[in-house]
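Quick notes on the structure that follows.
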Amino acid sequence: MSELFIAELRRLQWERIAALVDRERMAAYAPCRDSRAVCYEQQRLKRLMTDVAEAERSGVEGPEISRHRVYRVNARPTAGCSGSDMPAPAMHLMAASAGEAAERAWAVHGRDGVYQRGGYRIASVTQILPEPGELF
């Protein structure tokens with residue numbers, strides 16, 4: 001799935017949660033009171049148990065379980081680059097960590113891309129979705 005499509009699905013999920021919180025008059029979202037969240041968690045645990053069992057059968061140490069977040073990768077002009085009227089490029093992508101997000105941004109726009117040809121370098125990588133500390 002494309003990152004944009006995944007982000008749209010997440011937005012729809014948060015809208016559903018907001019409606020549930022409003023309808024149930026919750027002070028804060030409680031996943032245990034959300035029947036869909038309980039169902040999702042049961043499905044996730046079944047998949048995890050299947051993956052672990054398959055890994056044990058095949059002799060692998062264990063399955064790799066990655067959680068992804070959406071990161072904003074900002075760039076800025078390099079020191080020797082003349083100032084430009086164009087804003088510095090920023091990209092959004094899903095990755096398991098800030099380091100992985102920077103690596104993926106460099107892989108896409110590095111060497112012959114915007115960063116080298118345009119005289120920019122990665123300045124910061126910031127988690128924007130979900131809130132810092134949360135996993136999905």
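Shortest non-hydrogen contact noted between Glu24 and Arg33 is O-NH2, 3.6 Å. Across all non-hydrogen atoms, the minimal contact from Ala102 to Ile122 is O-CD1, 3.7 Å. Between Ala98 and Val125 the shortest heavy-atom distance is O-CG1, 3.6 Å. Summarising the geometry of Ala37 relative to Pro31, their closest heavy-atom pair is CB-O, 3.8 Å, with the distance given to 0.1 Å. For the pair Cys32 and Val38, the tightest heavy-atom approach, listed with the atom from each and the gap, is O-CG2, 4.0 Å.
In this structure, the side chains of Gln42 and Leu45 stay at 4.5 Å or more apart for every pair of heavy atoms. Side-chain contact between Asp34 and Arg16 is present, with heavy atoms from C-beta onward closer than 4.5 Å.
Residues meeting the side-chain hydrogen bond (donor to acceptor under 3.5 Å, both in side chains) test with Glu8, sequence neighbours left out: Arg11. Under the salt bridge (Lys or Arg N to Asp or Glu O under 4.0 Å) criterion, Glu56 pairs with no residue, sequence neighbours left out. Take Val21 and apply the side-chain contact (heavy atoms from CB on, under 4.5 Å) test, not counting sequence neighbours, and it matches Ile17, Met26, Tyr29.
The CZ atom of Arg76 sits 4.0 Å away from the CZ atom of Arg121 when rounded to the nearest 0.5 Å. Between atom CD of residue Glu103 and atom CG of residue Leu93 there is a gap of 11.5 Å, rounded to the nearest 0.5 Å.
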